[in-house]
Amino acid sequence: MSRVADEKVLVLDFGSQYAQLIARRVRQQQVYCEIVRHDITAGRIRELAPMGLILSGGPSSVYEQDAPKCDPGIFRLALPVLGICYGMQLACEALGGKVENTPSREYGRAHLTVGNVSKDDSKTTQPDELLADVPQQTQVWMSHGDRVARVSDDFVALASTESCPFAAVKHRSLPIYGLQFHPEVTHTPAGGTILGNFLATTCKCTGTWKLGDFARETIEQVRRRVGSNRVICGLSGGVDSSVVAALLAEAVGPQVSCILVDNGVLRKGEAESVIREFTDHFQTDLHVVHAEDRFLDALKGVIEPQEKRRWIGHEFIECFADEAARIEGAKFLAQGTLYPDVIESGGSADGPAATIKLHHNVGGLPEDMAFELIEPLRDLFKDEVRSLGLALGLPEEIVWRHPFPGPGLAVRCLGEVTKERLDTLREADAIVVHEIKQAGLYRETSQAFAVLLPVQSVGVMGDARTYADVVAVRSINTEDFMTADWSRLPYDVLGQISTRIINEVPGVNRVVYDISSKPPATIEWE
């Protein structure tokens, strides 16, 4: 579903898992941004008429034989270009520079010096509009094993780090810039300023794109596409599906039929809560499919995480097909697919991004699916979805609910999924959420949940030896769900969670706390 905007910037994706994060940062500057393939032609870019281009990072080395490259014609379009990490190396090499593997790799925080003098006086760094209002000494986030070893005489260095003399560069006559560091991540404090300078000063963007415009345009597009047909919307009680349902209700009203598949892998009380909210509050045409046995039979003996997702996705669609057959005129299926879902499932089908995990709402769909797919939130990040939900009139209790994965508790129940193990996990998860709410930390954390591990440990209960389950607690803080840090929960809260789970959930004798960040870990364990 294309978006129309007066001002638009394109991000050329070279396989970076941060490509969507770059787009989000651009949107925070109220400039609309789209992700496109790395090999888009210069002619096609000219047709799209963007205000500027951003070349993303990527896992490849530009000197590798099969490394993704861009159309060199884009550098002759007179469009502002900002290359980030791999994108910078690609631009510098295409315009006469040399990239090589660095003997001192940089992963993590580095100290950037703006306006320093390099060893080669002809490449003296100097202040520039891109780095306006950036402190002379500042922290940046590096993630590279290659670096620009030499630039052509057409480039001048703007900033450096101890091991990277060309940490920021500018072409002398063209509006082409390069950054070896990542301005899009929160670990680069001046990153927003740098991106803002590129958009406002170099690209001449005035910041005219608003989320309200997106909502109005999307509602109108859905209305035109659906016509007089009916739309099926899957409800899980999560933020995404609730916002989709509210948006569809605004677009086509009584033509929407919501289906809740009670698949046995929902959180404690989830099905009852959804039924209550979308019958009493929203007065929706709600169909409830009781399919716990069907899903558990499909998952019997399945251990591998991707297989769990595929089976759940398959059964999910089959349940929809069975129920939709009872709804006259059902032609469309609406899903709450978001930007992070798309990028973590490998981006476009033939793009360079590496698959991290398969989301049931973007993978595993049968080719002969009886519905046409509508994904009105596919271009949005989670924080944008929440803002949209509030604008559509959803209550804060729904809008601020922590995210829940499409495959549900099945990907938090590591190992084999059984009803007994799910019931154990459900009780532990409910305790985690309750105690975090009781401590007033629910809105301060982005996602908190329990994970049932496929191992048992020795313990002592009532002077008797036990060999029982282990529960891991996961709580993260994030702005965009593309990167995340573990929550520094108070010890007394963690202690209360542990005590309650061990005392109240049969079969559990040990609780551990996950202190991994994303990356390198993902938010979910599977």
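Just so you know, these numbers come straight off a predicted model, no measurement behind them. Note: hydrogens, waters and symmetry copies are ignored here, and every other heavy atom, side chains too, is used.
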Inset, instruction - Establish, for the pair Arg309 and Trp311, whether the NZ or CZ atom is under 6.0 angstrom from the six-membered ring centre and no further than 45 degrees off its axis. - result: no
Inset, instruction - Kindly compute the distance separating CG (Leu247) from OG1 (Thr218), expressed to the nearest 0.5 Å. - result: 6.5 Å
Inset, instruction - Answer with yes or no whether the side chains of Thr466 and Asn509 bring together a donor and an acceptor at under 3.5 Å. - result: yes
Legend entry - Expected output: side-chain Arg147 to main-chain Ser163 donor-acceptor under 3.5 Å: yes
Inset, instruction - Could you walk me through whether Phe181 and Thr161 pass the side chain to side chain contact (heavy atoms under 4.5 Å, CB included) test, one step at a time? - result: CA-CA 10 Å; Phe181 56 89; Thr161 67; 6.0 Å; no
Inset, instruction - Could you tell me the separation between the CZ atom of Arg25 and the CG atom of Leu199, rounded to the nearest 0.5 Å? - result: 13.0 Å
Legend entry - Gln137, CD atom: more than 12 neighbouring heavy atoms under 6.0 Å: yes
Legend entry - Lys/Arg N to Asp/Glu carboxylate O, Asp293 vs Lys419, below 4.0 Å: no
Inset, instruction - Taking only Lys NZ, Arg NE, NH1 and NH2, and the carboxylate oxygens of Asp or Glu, determine whether Asp297 and Arg294 approach each other closer than 4.0 Å. - result: no
Legend entry - Presence of salt bridge, Asp429 and Arg426, under 4.0 angstrom: no
Legend entry - Any side-chain donor near an acceptor of the partner, Asn477 and Ser487, under 3.5 Å: yes
Legend entry - Expected output: side-chain Thr188 to main-chain Trp141 donor-acceptor under 3.5 Å: yes
Inset, instruction - Ignoring hydrogens and angles, tell me if any N or O in the side chain of Tyr442 forms a donor-acceptor pair with the backbone of His402 under 3.5 Å. - result: yes
